[in-house]
Amino acid sequence: AGNSVSQWGEGPVWTGQKLLFVDIEGHKIREYDPVSAADREWSVGERVGLVVPRSSGNGLVMGGDNGISSFDPETGEKNQWVDPEPDKKPDNRFNDGKCDPTGRLWAGTISTVKKEGDASLYCLDTDKNLTLKYPGVTNSNGLCWSSDAEVFYYIDTPTKKIRVFDFNNDTSEISNEQIAVDTVDWEGSPDGMCIDNNDNLWVAFCRGSVVRCIDPKTATVLEQIDLPVSGVTSCAFGGESMDTLFITTGQFSNLEESGAGRLYAAKPGVSGPPSVPFAG
């Protein structure tokens with residue numbers, strides 16, 4: 001899908017009639033319009049791990065090397081809101097994130113030097129207050145919520161486990177942590193993730209060349225989408241009927257793969273819920 005090639009594509013989110021995603025190592029926010037097949041990009045001057053729309057106008061919220069910031073694609077103006085790990089953890093940056101059903105932004109950090117347990121998952125409420133939600137992770141990655149907003153799924157990639165929590169949508173509290181899916185014996189590592197309207201998980205497996213659809217209640221693979229590249233990073237439902245699965249990929253420096261870094265699209269036969277913009 002589209003003609004853009006990212007160094008490390010990630011974090012797709014469908015907004016309006018377009019797909020937003022990031023090129024982490026290319027320091028870019030990207031946009032793809034499937035109707036016109038137009039690609040747009042904005043350089044943001046730092047590694048950017050996530051982008052989400054805001055309900056207030058055309059602005060975006062991004063997370064990267066320098067914490068969480070607002071970004072105006074019309075003017076290019078960027079304003080830092082909060083950075084929880086600036087001094088004590090210079091090797092950390094924000095990675096994957098998305099908004100919960102109420103419009104709070106959940107975003108986690110990654111230790112770029114793979115220091116185990118040095119990163120965390122945070123929640124930014126609509127008043128822009130940041131709360132630590134889950135510490136002691138290494139590479140905070142995929143996250144999504146069930147259709148009834150009572151369950152939260154979360155991936156810390158090196159553990160190769162998909163965790164599940166009870167979620168209180170009123171207070172944003174997570175509790176009763178359990179392992180929903182242990183992928184230790186599966187090829188690739190679980191990376192970005194989204195959920196479909198049947199409450200099944202779609203998980204990108206980096207170095208696995210695949211997106212797997214998983215029933216989190218039984219931990220069984222229901223379907224898989226094979227891709228021609230190793231660096232499969234994340235996925236999100238979009239399109240006019242929300243039944244297109246957009247898949248981001250990245251380029252490994254030690255692998256020569258002609259399609260690496262491209263955006264892919266598949267029609268898996270199911271649809272997904274609309275994304276929630278940041279409500280602050």
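We're numbering straight along the sequence, starting at 1.
Ring geometry, Phe152 versus Phe167: the interplanar angle falls from 30° to 60°, so the pair is classed tilted.
Listed by first and then second residue, the side chain to side chain donor-acceptor pair (under 3.5 Å) pairs involving residues 14-32 are Ser6-Arg30, Asp23-Arg30, Arg30-Glu41 (not counting sequence neighbours).
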### Task
Show your reasoning for whether side-chain contact (heavy atoms from CB on, under 4.5 Å) applies to Val52 and Leu60.
CA-CA 6 Å; Val52 295; Leu60 305 175; over 6 Å; no

### Check against side-chain contact (heavy atoms from CB on, under 4.5 Å), Asp156 and Lys160
CA-CA 7 Å; Asp156 174 18; Lys160 298 196 74 171; over 6 Å; no

### Message
Run Asp100 and Trp106 through side-chain hydrogen bond (donor to acceptor under 3.5 Å, both in side chains) and show every step you take.
### Response
CA-CA 7 Å; Asp100 69 19; Trp106 291 65; 2.8 Å; yes

### Message
Applying side-chain contact (heavy atoms from CB on, under 4.5 Å) to Tyr153 and Asp199, what does each step give before you reach the verdict?
### Response
CA-CA 11 Å; Tyr153 296 99; Asp199 276 340; 5.9 Å; no

### Task
Let me see the working for Asp191 and Thr233 under side-chain hydrogen bond (donor to acceptor under 3.5 Å, both in side chains), right down to the final yes or no.
CA-CA 6 Å; Asp191 197 328; Thr233 58; 5.5 Å; no

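A donor-acceptor pair under 3.5 Å is formed between the side chain of Thr109 and the backbone N or O of Ser120. Judged by distance alone, with hydrogens and angles left aside, the side-chain atoms of Lys78 form a donor-acceptor pair with the main-chain N or O of Val44 at under 3.5 Å. Formation of a donor-acceptor pair under 3.5 Å by the Thr126 side chain with backbone atoms of Gly280 is not found in this model. Using modelled atom types, no side-chain atom of Ser43 and backbone atom of Gly45 make a donor-acceptor pair closer than 3.5 Å. With hydrogens and angles ignored, the 3.5 Å screen pairs no side-chain donor or acceptor of Ser111 with any backbone N or O of Ala119. Of the possible donor and acceptor atoms, one in the side chain of Lys98 sits under 3.5 Å from a partner among the backbone N and O of Leu143.
The side-chain contact (heavy atoms from CB on, under 4.5 Å) test with Met62 singles out one residue from Ile68, Val22, Val48, and that residue is Val48. For the side chain to side chain donor-acceptor pair (under 3.5 Å) criterion with Ser271, the lone passing option out of Asn198, Thr244, Asn197, Asp243 is Asn197.
Taking the six-membered ring where the residue is Trp, the centroids of Tyr154 and Tyr134 are separated by under 6.0 Å. In this structure, Phe71 has its ring center at least 6.0 angstrom away from the ring center of Trp81.
A salt bridge does not link Asp125 to Arg104: none of the charged side-chain nitrogens sits closer than 4.0 Å to a carboxylate oxygen.
Every side chain to side chain contact (heavy atoms under 4.5 Å, CB included) that Asn66 has, sequence neighbours left out, goes to Glu46, Gln80. Every residue two or more places apart in sequence or in another chain that forms a side chain to side chain contact (heavy atoms under 4.5 Å, CB included) with Cys213 is listed here: Asp196, Asn200, Trp202, Leu222, Glu223.
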